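Everything on this sheet refers to the single structure shown next.
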Amino acid sequence: MEERKNTTGDFNGECHVGVKSVDKVYNPSLETSVKALENISLEIYRGRFVSVVGPSGCGKSTLLRLIAGLSPPTRGKVIVGEEEVNGPIQNVGFVFQKPVLFHWRKVLENVLAPLSLKGEKSKDSERKARELLSLTGLDGFEDRYPTELSGGMQQRVSICRALITDPPLLLMDEPFGALDAFTRDKMNLELLKIWRKSKEGGKGSKTVLFVTHDIEEAIFLADNVVSLSERPGRILENISVALTRPREIDQKTAQKFNELEEHIYHLMLGDSEN
Ligand SMILES: Nc1ncnc2c1ncn2[C@@H]1O[C@H](COP(=O)(O)OP(=O)(O)OP(=O)(O)O)[C@@H](O)[C@H]1O
Ligand SMILES: [Mg+2]
């Protein structure tokens, strides 16, 4: 794919997502005002896999919502591709922390919903939806309703739905938080496979921003781990993960992996003791 140039002058041409000096305050003029994020600056290059970790309530979901244009920053700006974000962006797959599914639609129809809404549903897209459901271990649940599924299964349906349009940008908010360790490992590997395939395909590789509480998961998946402080979330460090790809579960026991894990843990611990 041809590189899209960023014309804002704030970031260089390869940057896919740019966050510049962003603060987010909820209800700024009220007594209930909450500063969720403080002075966040981040450049995410096209095709990178970036994890965001931080304690509960530090503004991780807020950061994703700002990037998706679902909520405006109080200060600073967000740029996606060539454009400054001023409202909900297109061409993004968003997996929300709490799965948001249509309860009156069957699983398969939920996955196809983004295409149905645009009138772009086809035989081919139905085949792809079934394939995604199978990849995420939901074979045989195509004709069930979301209420018949567990929380973790519903979350997997929303992952399939985020992937059905093959978006260049994936924003994932603790997508595997409700899964047991074994299923989570499997899903991590499937996600990496999908991401890797997007690099090999002709359509340009996907940029992924992945929020998690889990330091091990953050490292295992990512090229970079952005570690946030307690609220208001500030970037403590943007850590580069120099582990070989494709990632394998065994790497979690490697010394380099454990050193990274310890480093991030102490970073967060040090912050919480200040
Ligand atoms: N719509 C809102 N209105 C007011 N305050 C909000 C709103 N959304 C979030 N907040 C506040 O902003 C702060 C950050 O919330 P956010 O959901 O971004 O945190 P988080 O890091 O995703 O937490 P968790 O790990 O528990 O999901 C919290 O103090 C929260 O109470
Ligand atoms: Mg959250």
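One-based numbering, in listed order, for ligands and for the atoms of each. Position 1 is the first residue of the sequence, and the numbers go up from there. Keep in mind it's a predicted model, so treat the numbers as computed, not measured.
A continuous path of hydrophobic side-chain contacts links Tyr265 to Val241 [ILVMFWY only; heavy atoms under 4.5 Å].
The nearest protein atom to atom 9 (C) of ligand 1, hydrogens excluded, is given as Tyr26 CE1, 3.4 Å; this is a heavy-atom distance. Of all protein heavy atoms, the one lying nearest to atom 27 (O) of ligand 1 is Gln97 NE2, 2.8 Å. Distance from atom 30 (C) of ligand 1 to its nearest protein heavy atom, with residue and atom name: Val34 CG1, 4.8 Å. Closest protein heavy atom to atom 14 (C) of ligand 1: Gly57 O, 3.4 Å. Of the protein's non-hydrogen atoms, Lys60 NZ, 2.7 Å is the one closest to atom 25 (O) of ligand 1. Scanning all protein heavy atoms for the shortest distance to atom 26 (O) of ligand 1 gives Ser56 OG, 2.6 Å. Distance from atom 16 (P) of ligand 1 to its nearest protein heavy atom, with residue and atom name: Thr62 OG1, 3.7 Å.
At distances below 3.5 Å, not a single donor-acceptor pair connects side-chain atoms of Thr183 with backbone N or O atoms of Leu179. Formation of a donor-acceptor pair under 3.5 Å by the Lys206 side chain with backbone atoms of Pro167 is found in this model. In this structure, the side chain of Arg75 does not engage the main chain of Asp23 through any donor-acceptor pair within 3.5 Å. Remark: side-chain polar atoms of Ser41 are paired, donor with acceptor, to backbone N or O of Ser21 under 3.5 angstrom. Of the possible polar contacts, none joining the Asn224 side chain to the Asn238 backbone as a donor-acceptor pair under 3.5 Å is found. Here the side chain of Glu43 pairs no donor or acceptor atom with the backbone of Gly18 at under 3.5 angstrom.
Contact annotation: Ser61 places an N, O or S atom under 2.8 Å from the Mg ion (ligand 2). Among the atoms of Thr62, none of the N, O or S atoms falls under 2.8 Å from the Mg ion (ligand 2).
A pairwise comparison of heavy atoms in Phe176 and Ile159 identifies CE2-CD1, 3.2 Å as the closest pair.
Residue Ser61 has at least one nitrogen or oxygen atom sitting less than 3.5 Å from a nitrogen or oxygen atom of ligand 1, judged on distance alone.
Protein heavy atoms are found less than 4.0 angstrom from atom 2 (C) of ligand 1.
Aromatic ring pairs are classed by plane angle as parallel below 30°, tilted from 30° to 60° and perpendicular above 60°; the pair Phe96 and Phe94 is parallel.
Atom numbering of ligand 1 starts at 1 in the shown order; those under 4.0 Å from a heavy atom of Arg231 are 13 (C), 28 (C), 29 (O).
Under the 4.0 angstrom criterion for non-hydrogen atoms, His213 is in contact with ligand 1. Residue contacts with ligand 1 include Glu174, since one of its heavy atoms falls under 4.0 Å from the ligand.
Nearest to atom 19 (O) of ligand 1 by heavy-atom distance, out of Ser33, Gly59, Gly177, Ser71, is Gly59.
More than 12 heavy atoms of other residues, nucleotides or ligands lie within 6.0 Å of CD in Glu259, so this atom counts as buried by the packing criterion.
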